[in-house]
Asker: 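Here it is, the structure in full.
Below, read A as the first sequence line, B as the second, and so on, with proteins coming before strands; counting in each chain starts at 1.
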Amino acid sequence: QKEVEQDPGPLSVPEGAIVSLNCTYSNSAFQYFMWYRQYSRKGPELLMYTYSSGNKEDGRFTAQVDKSSKYISLFIRDSQPSDSATYLCAMSAWSGAGSYQLTFGKGTKLSVIP
Amino acid sequence: GAGVSQTPSNKVTEKGKYVELRCDPISGHTALYWYRQSLGQGPEFLIYFQGTGAADDSGLPNDRFFAVRPEGSVSTLKIQRTERGDSAMYLCASSQSKTSEQFFGPGTRLTVL
């Protein structure tokens, strides 16, 4: 079992829909949780960064963290064709060897159809 | 200010050759990470620098891979005797401190023929 599980999709939704993206994890030591957006052949772009359980909102994006269930979500409201990309969840914990390296899910490929 | 930059954006080489990939982090960011991303996968950690020293190199796959950051800013990832399995996107990220958000560069796409 991988430390971070993420359904790779693909996920296709009509423009204006609410999108829900999810990851589960097995390592209870994870403390920091992130969502990145990656367009084809580009580097990941940070969307959301959270530390504690609960919700965090930024514009059309809401990140949820449930540490008791080891489950994180990203919601996108009023989805746009420009949101079409791969969404990567990532999380980190003290590695014991000196870093807070990120552990990523495989990414979910999202297409928003006009 | 400028984000993380990486050069070259694409590198094609032949099996057995030596390559260097460069990362220029965001100014003032002391923490620097290298990751490798294969097609259809999430990035995987390679090495972490805090300042000039490699504080955590536990993700390097073997001794053909080496990285330096001599002045605590620009970093170079070096791969000796490249193999076809080294073909991937190599990503660099920097952050203000080891627990802060990591910001990624555009990556270098390495192809080993």
Asker: In terms of heavy-atom proximity below 4.5 Å to chain A, should T108(B) be classed as side chain, backbone, both, or neither?
Answerer: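 Neither; nothing under 4.5 Å.
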
Asker: At a 4.5 Å cut-off on heavy atoms, which part of Y36(A) comes close to chain B: side chain, backbone, both, or neither?
Answerer: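 For Y36(A), side-chain heavy atoms alone lie under 4.5 Å from chain B.
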
Asker: Taking side chain as everything from C-beta outward and backbone as N, CA, C, O, which of these in Q38(A) sits under 4.5 Å from a heavy atom of chain B? Side chain, backbone, both or neither.
Answerer: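 For Q38(A), the side chain is the part near chain B, not the backbone.
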
Asker: Using non-hydrogen atoms and a 4.5 Å limit, figure out which bit of S58(B) sits close to chain A: side chain, backbone, both or neither.
Answerer: side chain

Asker: Nearest 0.5 angstrom please: Y100(A) OH to S95(B) OG, how far?
Answerer: 11.5 Å

Asker: With rounding to the nearest 0.5 angstrom, report the CZ to CE distance, R41(A) to M89(B).
Answerer: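 Taking CZ in R41(A) and CE in M89(B), the distance rounds to 7.0 Å.
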
Asker: Quick check on P44(A) against chain B: is it the side chain, the backbone, both or neither that has a heavy atom closer than 4.5 Å?
Answerer: both

Asker: Counting only heavy atoms not in L39(B), do more than 12 fall under 6.0 Å of its CG?
Answerer: no

Asker: Check each atom of L102(A) against the heavy atoms of chain B and say whether the ones under 4.5 Å are side chain, backbone, both or neither.
Answerer: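 Both backbone and side chain.
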
Asker: Indicate the atoms forming the closest heavy-atom contact of Y33(B) with Q101(A), along with that distance.
Answerer: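 Closest heavy-atom pair between Y33(B) and Q101(A): CE2-CA, 3.9 Å.
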
Asker: Would you give the length of the straight line joining atom OG of S99(A) to atom CG of D57(B), rounded to the nearest 0.5 angstrom?
Answerer: 10.0 Å

Asker: How long is the gap from OH on Y35(B) to CZ on F104(A), to the nearest 0.5 Å?
Answerer: 6.0 Å

Asker: Should Y49(A) and I26(B) be counted in the same cluster of Ile, Leu, Val, Met, Phe, Trp and Tyr side chains packed under 4.5 Å apart?
Answerer: yes

Asker: Do L88(A) and P43(B) make a side-chain contact, defined as non-hydrogen atoms from C-beta onward lying under 4.5 Å apart?
Answerer: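 Of all side-chain heavy-atom pairs linking P43(B) with L88(A), at least one is under 4.5 Å.
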
Asker: Are M34(A) and Y48(B) connected in the hydrophobic side-chain network, where two residues link if heavy atoms are under 4.5 Å apart?
Answerer: yes

Asker: Does NZ in K67(A) sit with more than 12 non-hydrogen atoms of other residues, nucleotides or ligands closer than 6.0 Å?
Answerer: yes

Asker: Is the count of non-hydrogen atoms from other residues, nucleotides or ligands lying under 6.0 Å from F66(B) atom CZ greater than 12?
Answerer: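 Counting neighbours around CZ of F66(B), 12 or fewer heavy atoms of other residues, nucleotides or ligands fall under 6.0 Å, so no.
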
Asker: Does any heavy atom of chain A fall under 4.5 Å from the side chain of Q50(B), the backbone, both, or neither of them?
Answerer: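 Contact with chain A is absent: no heavy atom of Q50(B) under 4.5 Å.
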
